[in-house]
Protein chains: 2
Amino acid sequence: MTGRGSGEQVTIADVARHAGVAASTVSYVLSGKRTISATTRGRVLASVRALGYHPNAGARALASRKANVIALVLPLRTGMQVPVVMRFATAVVTTARRYDHDVLLVTADEGPAGLHRIAGSALVDGVLLMDVELEDSRVPLLRELALPGVLIGHPADSTGLACVDLDFRRAGELCVEHLAAAGHRRIALLGAPAAVYDRGTGFAHRTRAGVVAAAGRLGVDAVTRPCEEGPAAVRRDLAALLAEHPDVTGLVVQNESAVGPVLAALPLLGRRVPQDVSVVAICPDELAEPSGLTCVPVPAEEVGRQAVTLLMRRLRDEPVPEVTLLEPRLTVRDTSG
Amino acid sequence: MTGRGSGEQVTIADVARHAGVAASTVSYVLSGKRTISATTRGRVLASVRALGYHPNAGARALASRKANVIALVLPLRTGMQVPVVMRFATAVVTTARRYDHDVLLVTADEGPAGLHRIAGSALVDGVLLMDVELEDSRVPLLRELALPGVLIGHPADSTGLACVDLDFRRAGELCVEHLAAAGHRRIALLGAPAAVYDRGTGFAHRTRAGVVAAAGRLGVDAVTRPCEEGPAAVRRDLAALLAEHPDVTGLVVQNESAVGPVLAALPLLGRRVPQDVSVVAICPDELAEPSGLTCVPVPAEEVGRQAVTLLMRRLRDEPVPEVTLLEPRLTVRDTSG
DNA sequence: ACGGGTCGTCGAAGCGCTTCGACGACCGCG
DNA sequence: CGCGGTCGTCGAAGCGCTTCGACGACCCGT
């Protein structure tokens with residue numbers, strides 16, 4: 001039994017009285033900001049437990065000027081890469097709790113105004129920004145508000161910020177290295193939709209660069225080609241690719257929505273997997289695993305953990321690297337050989 | 001320009017000084033809890049805007065004893081019906097903002113302890129509990145803590161609580177009614193995994209009851225059968241079902257992970273859709289829509305909205321119904337006729 | 001013209017916590 | 001044996017806000 005079930009809030013004064021000390025002493029025991037004798041500390045902690053004391057968040061925030069809450073700004077506009085976001089959110093919450101922080105959920109569609117509100121009201125100590133665009137209006141705002149923030153992905157100008165992302169260039173290289181090691185000499189990248197490249201989105205360009213670089217280094221041919229979304233479009237783009245380059249035997253796919261259709265369409269195009277064509281994808285592992293697809297997973301949990309860790313460091317005013325790239329790993333399954 | 005970009009917090013005293021009134025007057029203007037002359041109000045609001053004032057959340061929470069934050073307890077343990085959860089969360093955040101509340105994200109794996117912490121620290125005013133089990137340890141705790149809460153789904157004993165859920169019984173009826181109206185006389189329900197029924201999970205039982213009841217009422221045959229997860233298992237269970245009941249022409253599927261495999265497997269089992277067999281699913285619309293599947297969608301947004309609305313009502317100490325069932329609607333597409 | 005209501009505003013008292021300065025008690029050193 | 005220096009604890013002063021009671025000013029009816 002934790003003393004009292006429900007009822008009125010237990011205050012620090014209650015604990016102090018129960019332990020026979022001053023309220024400030026209780027505070028110091030709990031924060032460890034001053035030395036307290038072992039006996040007193042023991043008595044206080046016992047009282048805390050006996051009364052089921054939890055410090056009042058509002059009062060604490062007011063007095064200490066820190067909320068112990070961070071905001072997670074998610075691209076909740078429907079139609080995103082949902083499972084990844086979810087796993088990411090889980091990791092963020094879990095990690096934040098480990099640092100004794102809670103997580104406030106904010107939707108991206110509140111936009112810059114949301115950041116203003118949150119910063120102005122001191123609701124949170126810092127912000128995790130997902131789904132950052134190359135020229136994101138919230139990024140300069142973050143700088144201006146002096147609101148500690150960590151970005152997932154990275155914008156064009158990342159000076160003075162902290163960004164976490166998968167090292168997509170390395171991911172591209174990894175795929176090519178794997179295929180080359182398996183003996184493939186003609187490789188193709190079936191990439192993101194053309195619009196994504198045109199927008200100059202970082203991850204797509206970096207992956208392509210990695211593929212091309214690795215191919216050059218290893219002396220294999222590599223062609224790259226955008227790929228539109230939707231089963232029909234994927235089939236069309238894949239067919240076109242194979243028509244132009246019929247001798248391709250290694251395929252890198254970086255387009256979540258293309259994974260399924262590609263695997264379905266290859267046999268129809270006369271290519272058995274992996275006998276005729278090896279397929280490697282850069283996509284969430286959930287998507288790859290059930291199909292036995294060799295892939296470089298997007299490590300959502302790891303990104304979440306890293307992001308929180310960086311933010312905590314910033315909150316302590318410790319220096320953090322501007323860009324943190326996560327090392328990709330390739331999981332070999334049945335579609336490559 | 002909103003006055004000052006970054007820098008120190010603007011307090012209510014700053015606004016009061018700027019407007020030439022007392023701080024309490026500013027407070028009353030903002031809360032509307034006392035009548036204030038139009039001229040004064042105008043002056044105050046102008047100052048608020050000029051200075052870019054946002055009330056300090058901690059101070060406000062401390063003084064008013066309400067945090068203006070609600071907790072959303074999500075089943076973030078990986079492997080849930082992810083897209084639904086996501087849309088639900090979006091709706092919750094958006095609706096909560098409309099009531100001037102923010103949303104704290106809590107993972108279910110913090111369990112009862114998390115509720116204790118949150119309640120004890122007055123971090124939130126109320127709780128939205130998702131993924132409620134029939135005998136959920138958090139439910140009695142909610143009662144004991146006198147923490148206003150709204151449940152998504154409903155537990156065995158819902159007295160004194162507020163629950164929101166899709167009316168699954170009605171959903172089951174709806175599916176049967178639709179199939180019967182199309183002339184089908186032998187109908188099968190391919191349901192949740194057996195374990196789900198064994199756990200006594202409400203929605204599965206209620207759906208089955210609805211199917212059986214409607215079939216009885218309409219004088220059609222209905223068989224029901226659990227269905228395990230995973231493409232292979234689904235194929236097996238479906239094949240078994242059709243072997244035992246080869247004359248089934250109407251199929252109700254209530255198992256997200258089964259939808260794709262069922263549609264893929266039916267042709268292989270010699271059944272064309274919808275010529276030989278009509279298929280109706282109870283599943284997220286995203287899943288059904290791309291396949292042209294007739295379905296009763298799970299209205300995640302609507303549930304989220306309702307849940308927040310109910311919670312807000314509870315926070316205002318207004319009476320709320322113990323159980324709120326959402327009327328299911330059936331969307332006719334290509335797989336039934 | 002005067003008492004009784006509003007109406008609009010103000011000042012002060014907290015809400016529960018952190019933090020700063022103060023201050024005994026006790027230590028070891030010369 | 002007395003003096004400076006920790007060490008451990010306390011009291012008080014806010015943090016920025018809401019809210020309560022008070023109190024002029026004004027309007028009404030008579």
Side-chain angles (χ1 to χ4, degrees), chain A residues 7-45 47-48 51-69 100 117-125, chain B residues 7-45 47-48 51-69 100 117-125:
Chain A
E8 303 313 295
Q9 161 125 12
V10 181
T11 76
I12 200 173
D14 297 331
V15 176
R17 207 170 310 123
H18 186 273
V21 299
S24 50
T25 301
V26 175
S27 178
Y28 286 123
V29 166
L30 260 25
S31 71
K33 293 194 178 168
R34 281 199 185 174
T35 48
I36 299 286
S37 69
T39 59
T40 306
R41 173 186 303 116
R43 212 140 31 89
V44 168
L45 291 178
S47 301
V48 164
L51 301 181
Y53 170 68
H54 287 271
N56 178 292
R60 190 210 276 271
L62 180 56
S64 69
R65 322 192 118 271
K66 44 192 61 183
N68 270 239
V69 177
D100 195 32
R117 185 173 61 81
I118 278 176
S121 63
L123 236 186
V124 302
D125 304 319
Chain B
E8 302 314 295
Q9 160 126 15
V10 182
T11 75
I12 200 173
D14 297 331
V15 176
R17 207 170 310 123
H18 186 275
V21 300
S24 50
T25 302
V26 176
S27 178
Y28 285 124
V29 166
L30 261 23
S31 70
K33 293 193 179 171
R34 281 200 185 175
T35 48
I36 298 285
S37 70
T39 59
T40 306
R41 173 187 301 115
R43 213 141 30 88
V44 168
L45 290 179
S47 300
V48 164
L51 301 181
Y53 170 68
H54 287 271
N56 179 292
R60 190 209 275 270
L62 180 55
S64 69
R65 322 190 119 273
K66 43 192 61 183
N68 271 240
V69 177
D100 194 33
R117 185 173 60 81
I118 278 177
S121 63
L123 235 186
V124 303
D125 304 320

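All chains are named by letter (A, B, ...) in the order of the sequence lines, taking the proteins before the strands, and each is independently numbered beginning at 1. What you see is a predicted model, and the numbers here were worked out from it, not measured in a lab.
Applying a 4.0 Å cut-off to non-hydrogen atoms, the residues of residues 27-34 of chain A that approach DNA chain C are A:Ser27, A:Tyr28, A:Lys33, A:Arg34, listed by residue number. DNA chain D is contacted by B:Ser24 of residues 15-24 of chain B, taking any non-hydrogen atom closer than 4.0 Å.
To the nearest 0.5 Å, atoms OG1 (B:Thr11) and CG (B:Leu51) are separated by 9.0 Å.
Taking every heavy atom of both residues into account, B:Asn56 and A:Ala122 meet most closely at ND2-CB, 3.8 Å. Summarising the geometry of B:Pro55 relative to B:Arg60, their closest heavy-atom pair is CG-NH2, 3.0 Å, with the distance given to 0.1 Å. The heavy-atom pair separating A:Arg117 from B:His54 by the smallest distance is CA-CE1, 3.6 Å. Considering all non-hydrogen atoms of both residues, A:Ala67 and A:Asp125 come closest at N-OD1, 2.7 Å. Here the closest heavy-atom approach between residue B:Leu62 and residue A:Gly58 is recorded as CB-C, 4.5 Å.
Considering only side-chain N and O atoms, B:Arg41 lies nowhere under 4.0 angstrom from the phosphate OP1 or OP2 of C:dG8.
Here D:dG16 is the nucleotide among C:dC15, D:dG16, C:dT18 with the atom lying nearest to any side-chain atom of B:Thr11. With D:dC10, D:dT18, C:dG16 as the choices, the nucleotide that has an atom nearest any side-chain atom of B:Arg65 turns out to be C:dG16.
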Would you be so kind as to tabulate the donor-acceptor pairs closer than 3.5 Å made by side chains of residues 29-38 of chain A, with sequence neighbours excluded?
residue: A:Ser31; atom: OG; partner: A:Ser27; partner atom: O; Å: 3.2
residue: A:Ser31; atom: OG; partner: A:Lys33; partner atom: N; Å: 3.3
residue: A:Ser37; atom: OG; partner: A:Thr39; partner atom: OG1; Å: 3.3
residue: A:Ser37; atom: OG; partner: A:Thr40; partner atom: N; Å: 3.3
residue: A:Ser37; atom: OG; partner: A:Thr40; partner atom: OG1; Å: 2.8

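Spacing between atom CD of A:Gln9 and atom P of C:dG14 amounts to 18 Å, rounded to whole angstrom units. B:Leu62 places its CG atom 14 Å from the P atom of C:dG14, with the value rounded to the nearest Å. Atom CD1 of B:Ile12 and atom P of C:dC10 are 12 Å apart (whole Å). For A:Asp14 and C:dC15, the CG to P distance is 12 Å, given to the nearest whole Å. Atom CG of A:Asn56 is separated from atom C1' of D:dG16 by 14 Å (rounded to the nearest Å). Remark: P of D:dC17 and CG of A:Leu123 are 13 Å apart, rounded to the nearest angstrom.
Taking 4.5 Å as the limit, every side-chain heavy atom of B:Val15 sits out of range of all side-chain heavy atoms of B:His18. With a 4.5 Å cut-off on side-chain heavy atoms, A:Val21 and A:Val26 count as touching.
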Check nucleotides 24-26 of chain C against the protein and report each pair of N or O atoms closer than 3.5 Å, with its distance, or say if there are none.
none

Protein-nucleotides 5-7 of chain D N/O pairs closer than 3.5 Å?
none

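Under the side chain to side chain donor-acceptor pair (under 3.5 Å) criterion, B:Ser24 pairs with no residue, sequence neighbours left out.
Toward the 5′ end of DNA chain C lies the nearest nucleotide of B:Arg43, the other residue of the pair A:Arg60 and B:Arg43 mapping further downstream.
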